[in-house]
Number of protein chains: 2
Amino acid sequence: MTQDGRRLRGLRSREAILEQAVGLASVEGLDGLSLGRLATATGTSKSGFFAHWRDKEQLQLDAVDWAGRQWAERVVAPAMKAPAGVRRLFALHEARLRFYGEAVLPGGCFFFTVQAEFDDRPGAVRDRVARAMREWQEFIRRQVAQAMALGELAESVDVAQLAYEIDALGEMVIIHSRLHDGPASLVHARRAVLQRLRALCPDPTLLPED
Amino acid sequence: MTQDGRRLRGLRSREAILEQAVGLASVEGLDGLSLGRLATATGTSKSGFFAHWRDKEQLQLDAVDWAGRQWAERVVAPAMKAPAGVRRLFALHEARLRFYGEAVLPGGCFFFTVQAEFDDRPGAVRDRVARAMREWQEFIRRQVAQAMALGELAESVDVAQLAYEIDALGEMVIIHSRLHDGPASLVHARRAVLQRLRALCPDPTLLPED
DNA sequence: TACATTAACGACCGATCGTTTGTATATCTG
DNA sequence: CAGATATACAAACGATCGGTCGTTAATGTA
């Protein structure tokens with residue numbers, strides 16, 4: 001298993017295809033994305049895909065995983081550098097907004113598009129997406145709980161409730177920024193969470209003023 | 001223009017088709033919805049559509065209008081019965097959650113699905129959807145401004161900011177309730193807005209406690 | 001009554017969909 | 001080196017897509 005030559009080339013093009021697939025799917029969805037257009041975008045042939053994946057659904061499942069890894073690297077990892085507690089919680093929110101603002105994906109957010117697409121459609125893809133989103137929300141809840149354990153959030157805080165609000169305010173940026181106000185919604189989403197955390201934090205100086 | 005017989009039958013089936021189209025589109029989107037499946041669902045033939053609409057896009061535009069009227073009747077109108085101010089603002093939020101909770105549309109919310117579908121796709125449908133959503137958000141902002149004018153909200157409130165938060169918390173219910181926690185997200189969304197309004201209202205007794 | 005309009009249909013069009021098949025070739029394994 | 005494996009392709013499959021055409025019958029208008 002020297003993993004080079006033919007094997008390595010296979011892995012490389014596999015990754016390249018998945019990257020393109022995630023980008024395109026962030027715009028038109030995982031089902032809206034057709035193999036023909038994906039082939040054109042990657043400069044390959046439709047039939048070549050079936051050397052890597054049994055059918056379209058397998059490719060979709062791998063695309064979900066790839067997008068999850070990208071999110072972990074570009075959003076979660078940078079935020080984890082901040083000290084645990086409300087600062088890390090807010091860093092997480094800011095990292096997400098930065099990911100959107102920098103237009104890393106042409107459609108803004110892969111998971112948002114795919115959630116809206118599959119939330120009513122049973123199947124393996126929906127299950128995989130749901131699991132990823134559950135893990136993400138569980139992760140936010142852990143950060144909230146940790147901040148509370150550190151005494152950086154009022155004891156009256158409902159963990160699930162606050163986690164829900166932070167996630168909702170972040171996710172809605174996608175729709176609002178693309179359909180109308182553009183960067184203004186980024187500002188709204190940032191301030192909404194910042195003010196909320198400052199109001200609940202016994203030591204507001206841990207967070208920026210505005 | 002006696003408006004009966006042939007003419008009336010045309011209007012009736014037109015409305016029936018649009019109702020089906022909005023329901024189906026709330027699940028699979030306006031483009032995801034195919035004319036063949038719409039024909040099956042309405043018990044008519046594909047080609048019959050072209051007696052009512054020039055092409056698929058015209059049907060999509062009318063579907064957007066139809067969904068807007070439904071929203072006005074089933075969400076806005078009931079809320080307007082509440083007295084102006086924070087009570088009407090919260091009634092609006094509750095009416096929306098009721099609309100979702102009662103599953104009036106099989107996909108939960110037509111506009112949510114269609115926004116996610118068209119936010120990156122230029123064209124007449126996108127413009128129509130964007131206009132409808134702008135009007136909706138402008139409407140929420142007017143309710144916030146009115147509540148402030150009535151002295152029912154602290155003067156420090158940023159109108160656009162609060163309106164954004166209320167809308168975001170309401171809209172995110174669709175994804176969360178369908179993909180994982182079900183009715184729990186309805187509770188979260190209700191409490192989030194209720195607590196926010198109570199905190200900003202000089203006379204919290206105007207609003208329910210929980 | 002005579003004529004135009006309208007709703008609705010079945011049959012069919014070219015394009016595209018996801019997928020299968022067969023083939024050529026480069027790379028690994030023994 | 002020999003033989004299995006993996007990458008990638010062109011060509012073609014049946015199904016479905018949005019849309020056109022010609023027709024039929026009921027209704028509206030004169």
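The chains referred to below are lettered A, B, ... by the order of the sequence lines, with proteins before strands, and numbering in each begins at 1.
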Asks: Verify the contact: side-chain N or O of B/His52 to OP1 or OP2 of C/dA8, cut-off strictly under 4.0 Å; return yes or no.
Replies: yes

Asks: Mapping B/Ser13 and A/Gly32 to their closest nucleotides on DNA chain C, which lands nearer the 5' end?
Replies: B/Ser13

Asks: Taking only side-chain N and O atoms of B/Arg37, does any of them lie within less than 4.0 angstrom of OP1 or OP2 on D/dC17?
Replies: yes

Asks: Would you kindly give the CD-to-P distance between B/Gln58 and D/dG19, to the nearest whole Å?
Replies: 10 Å

Asks: From C-beta outward on A/Thr44, which listed nucleotide comes closest to its side chain: D/dC9, D/dA8, C/dG10?
Replies: D/dC9

Asks: Provide, to the nearest angstrom, the distance between the CZ atom belonging to A/Arg12 and the P atom belonging to C/dT27.
Replies: 14 Å

Asks: Please pick, from D/dG19, C/dG10, D/dA10, the nucleotide with the shortest atom-to-atom distance to any side-chain atom of B/Lys46.
Replies: D/dG19

Asks: Is the closest side-chain donor-acceptor distance between A/Asp167 and B/His176 under 3.5 Å?
Replies: yes

Asks: Does B/Arg96 count as lying over the ring of B/Phe99, i.e. NZ or CZ under 6.0 Å from the six-ring centre, within 45 degrees of the axis?
Replies: no

Asks: Rounded to whole Å, how long is the line connecting atom CZ of A/Phe50 with atom P of D/dT7?
Replies: 15 Å

Asks: Nearest of C/dC17, C/dT19, D/dG19 to any side-chain atom of B/Asp55?
Replies: D/dG19

Asks: Does the side chain of A/Gln161 pick up a donor-acceptor pair with the side chain of B/Gln195 at under 3.5 Å?
Replies: no

Asks: A/Arg54 has an atom CZ; how far is it from atom C1' of C/dG18, in whole Å?
Replies: 14 Å

Asks: How many Å lie between CG on A/Leu38 and P on D/dA8, as a whole number?
Replies: 13 Å

Asks: Which residues pass the side-chain hydrogen bond (donor to acceptor under 3.5 Å, both in side chains) test with B/Arg87, not counting sequence neighbours?
Replies: none

Asks: Taking the side chain of B/Ser34 as heavy atoms from C-beta outward, which of C/dA7, D/dG18, C/dG18 is closest to it?
Replies: D/dG18

Asks: Can you tell which of D/dC9, C/dA7, C/dC17 lies closest to the side chain of A/Ser47?
Replies: D/dC9

Asks: On the 0 to 90° scale, with breaks at 30° and 60°, tag the A/Trp71-A/Tyr100 ring pair as parallel, tilted or perpendicular.
Replies: tilted

Asks: Is B/Lys56 side chain donor-acceptor paired with the D/dG19 base, going by distance under 3.5 Å alone?
Replies: no

Asks: Could you state the atom-to-atom distance from CD of B/Glu57 to C1' of D/dC17 in whole Å?
Replies: 16 Å

